[in-house]
Protein chains: 2
Amino acid sequence: MPTIRDVARAAGVSEATVSRAINQAPGVSARTRERVLAVARDLHFTPAPVARRLRGARTGLAGVVVPDLSASFFVEIIQGIEHTLSLNDYRVLVCDARNDRSREEAHIRWLADGTVDAILLLAPTTTDAFIAEVASQGPPVAVFGRVVSGGPVTSVTVANRQAAEQATEHLISHGRERIAFIAGTPGIPDGEARLEGYRDAMQRHGRESAIAVEVGHFSEEGGRAALRALLERRPPPDAILAANDEMAMGVLVGARELGVRVPEDIALVGFDNIRCARLVTPALTTVHQPKLDIGFRLAQSALDRLKGVAGHEQWVLPADLVVRRSCGC
Amino acid sequence: MPTIRDVARAAGVSEATVSRAINQAPGVSARTRERVLAVARDLHFTPAPVARRLRGARTGLAGVVVPDLSASFFVEIIQGIEHTLSLNDYRVLVCDARNDRSREEAHIRWLADGTVDAILLLAPTTTDAFIAEVASQGPPVAVFGRVVSGGPVTSVTVANRQAAEQATEHLISHGRERIAFIAGTPGIPDGEARLEGYRDAMQRHGRESAIAVEVGHFSEEGGRAALRALLERRPPPDAILAANDEMAMGVLVGARELGVRVPEDIALVGFDNIRCARLVTPALTTVHQPKLDIGFRLAQSALDRLKGVAGHEQWVLPADLVVRRSCGC
DNA sequence: GTGAAAGCGCTAACAA
DNA sequence: TTGTTAGCGCTTTCAC
């Protein structure tokens, strides 16, 4: 691979001149620049990012840590990130934590060590303190799904609680009496907020005694197991709100296995609006999260911070119910 | 962030000694090593990857170029890659070409420029020559979905043609007469091989005149459009084999819109076995591709080449029909 | 067993 | 406008 030296020699100028020409820096005559660029092109020269980086310049890389790459929800957010970042000539380094907190932390630490120009965290499970520490020492950090206190961290969240209330009320307004909730992994703020929204709505409508919660860990299999557990209750629920679509899919699968009809026997509402949601039968009623927008906000905030423009520090994006067939309307 | 110098000063040794201690290199007394490591730990020192890299050491990064991150098929392969690579302490840099060839080439070129230790290409659309050139100059290259000639390129493919034959024959054996094929984007070898398999099977069973092909560009929307086109033929097909599941999903959606029943009016078979396939109604009969295994092979071959072990150069993985409901059995 | 010194490829301050 | 020089953080000879 050619280095800046090769170009300099071939063009008969100094390395500094090549650098200036390449980087569109001032102080090079148009003619020299032309010539240098031509040579660089001929030699297929591209400045080595590592060397640049060592000099303190940007790497052109942003790191994204995702809890689980098999969740299509996160993939769509990543696409939003990628879209925005690539417009600014940044690449995305995706690190999959595979639902393991120590792996997540290892990724973050590694990224913070000068590998990337910005760090984007999707629904992280590590502590605020850890994130804040990284953010104050290393590159800009933007987080989705959490508001992190104690450091210069941009956060993007959606109005989970409100949306969960809305979804619960939708079910209530359609005459469902015993609405159960399948929660994600305890401790994940997104999921907790949804649970709260559900509880609030149930209480407000005098259905406190019908509150029923099972944990499904955000996975399809968890949703399936949760359905089985819920059906053993007496009386069983006549509606289910799942804290994400993966779990709702599990409910659909489980219901099919058990001969339970959706929505006749059990109305179902999910959360996220992943791509599968409109393809399954019955098509899934779910709370839409603006995934592309989430990705855009995360990326944009990182970009802003990189440019020294201190962007908004906290974004709360709306999430609205998408009514399809599984809720029985 | 502390540098090796800080550690050296604090420990009262030279930078070289610190380097040796950190890298478990020989030539340091056990006592000195202990002391240095203790200091390094106290200072939270980690060697900057960029600096290492500049010295010619590994970056610990592998680059994956994917045609379209929204296709869950590729995401599953990436997971396989990630899984294998992370076991070897490598990170994965995912570059989304968003179905644009020039973007794909830009990504590859960028990756080849010393950013990563290995390059993994999923179903690339660029030329053999370009890939071969990169492979012979830069880091190890492994490709899925193509056999690239002219350079030291490992290739992983599946038995597409055979699988397409099998799928077509399955439809034939169930009494379908006019089996149509929805092709992907012309020129993509995977898709072409499937088309050939379909043609072969149709010919072998004397259904040459019933061969009907529409292009769906591997997308859901393309599949939907292709269905509409096929239904305008006289006589219309009574079965469809789609070159991937995304297009099969499009057929399902389109059929629902048009009041066509699957599998009664039209039997449907897809290709890939993406996660959605078993969740839709009717559950999709499809050719399963061993996605995790594909990822594993790609990663392993890169790893082997990095270690100097020249691994197998060409892998052909089996692909088998998964019978569900959409084919009408 | 340890240190001094060179240099990886690049950029930025300073000179010319 | 252009070149010279120093140095980013690390590893790796080569002395001692």
Side-chain angles (χ1 to χ4, degrees), chain A residues 1-37 39-40 43-61 109-117 137-139, chain B residues 1-37 39-40 43-61 109-117 137-139:
Chain A
M1 252 164 333
T3 74
I4 199 171
R5 237 164 112 179
D6 302 321
V7 180
R9 269 205 274 266
V13 295
S14 74
E15 297 177 23
T17 302
V18 176
S19 175
R20 285 190 273 256
I22 295 282
N23 295 301
Q24 295 146 301
V28 203
S29 71
R31 276 194 52 202
T32 316
R33 164 163 293 146
E34 289 288 303
R35 191 156 45 89
V36 169
L37 291 181
V39 172
L43 264 45
H44 291 298
F45 169 76
T46 340
V50 273
R52 280 200 155 154
R53 170 66 209 180
L54 193 54
R55 290 287 316 162
R58 58 166 237 175
T59 58
L61 262 186
R109 192 165 290 131
W110 187 82
L111 290 172
D113 256 338
T115 307
V116 296
D117 295 333
Q137 297 180 0
Chain B
M1 251 163 338
T3 74
I4 199 171
R5 234 164 114 179
D6 302 320
V7 180
R9 269 206 272 267
V13 295
S14 73
E15 297 177 25
T17 302
V18 176
S19 175
R20 284 192 272 257
I22 294 283
N23 294 301
Q24 294 146 304
V28 203
S29 71
R31 276 194 52 201
T32 316
R33 165 163 294 146
E34 289 287 303
R35 194 155 43 88
V36 170
L37 291 181
V39 172
L43 263 45
H44 292 298
F45 169 76
T46 341
V50 272
R52 279 204 157 147
R53 169 65 209 178
L54 193 54
R55 290 288 315 166
R58 60 165 235 177
T59 59
L61 264 184
R109 192 166 289 133
W110 187 81
L111 290 172
D113 255 335
T115 306
V116 296
D117 296 333
Q137 298 180 359

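Each chain gets a letter, A, B and so on, in the order the sequences are listed, and its residues count up from 1. The model shown is predicted, which means the values in this text are computed figures rather than measured ones.
- At a threshold of 4.0 angstrom between heavy atoms, the contacts of B:Val13 are confined to the sugar-phosphate backbone, with no base atom among them.
- Nearest to the side chain of A:Phe45, among D:dG3, C:dC10, C:dT2, sits C:dC10.
- Here B:Ser14 reaches the OP1 or OP2 of C:dG3: one of its side-chain N or O atoms lies under 4.0 Å away.
- The shortest distance between side-chain heavy atoms of B:Arg20 and B:Thr32 does not fall below 4.5 Å.
- Residue A:Thr3 has no polar side-chain atom (N or O) positioned under 4.0 Å from OP1 or OP2 of C:dG9.
- Regarding B:Asn23, its CG atom lies at a distance of 17 Å from the C1' atom of C:dG1, rounded to whole Å.
- Between B:Ser29 and C:dT2, a side-chain N or O to OP1/OP2 separation shorter than 4.0 Å is present.
- Here the closest heavy-atom approach between residue A:Asp117 and residue A:Gly60 is recorded as OD2-N, 2.8 Å.
- Atom CZ of A:Arg33 sits about 7.0 Å away from atom CD of A:Gln24, to the nearest 0.5 Å.
- Distance, B:Asp6 CG to D:dC8 P: 11 Å, rounded to whole Å.
- Contact between the side-chain N/O atoms of A:Thr32 and the OP1/OP2 oxygens of D:dT1 is not found at any separation under 4.0 Å.
- One distance of note links OG1 of B:Thr3 with CZ of B:Arg9; it measures 7.5 Å at 0.5 Å rounding.
- The shortest distance between the side-chain N/O atoms of A:Thr17 and the OP1/OP2 oxygens of D:dG3 is below 4.0 Å.
- Between A:Leu111 atom CG and A:Leu61 atom CG the span is 9.5 Å, to the nearest 0.5 Å.
- Closest approach to the B:Glu15 side chain among D:dT11, D:dC14, C:dC10 is made by D:dT11 (side chain taken as heavy atoms from C-beta onward).
- As a whole-Å value, the separation of B:Gln24 CD from D:dT12 P is 13 Å.
- Below the 3.5 angstrom threshold, one finds no donor paired with an acceptor across the side chain of B:Arg31 and the base of C:dG1.
- Protein atom CZ of A:Arg5 is 14 Å distant from nucleotide atom P of D:dT5, rounded to whole Å.
- Of the candidates D:dC10, D:dT2, C:dC10, C:dC10 carries the atom nearest the A:Ile4 side chain, counting heavy atoms from C-beta on.
- Judged by distance alone with a 3.5 Å cut-off, a donor-acceptor contact links the side chain of A:Arg20 to the base of D:dG3.
- Checked against D:dT2, C:dA4, D:dG3, the side chain of B:Ala16 finds its nearest nucleotide in C:dA4.
- A:Arg9 has its CZ atom 11 Å from the P atom of C:dG9, to the nearest Å.
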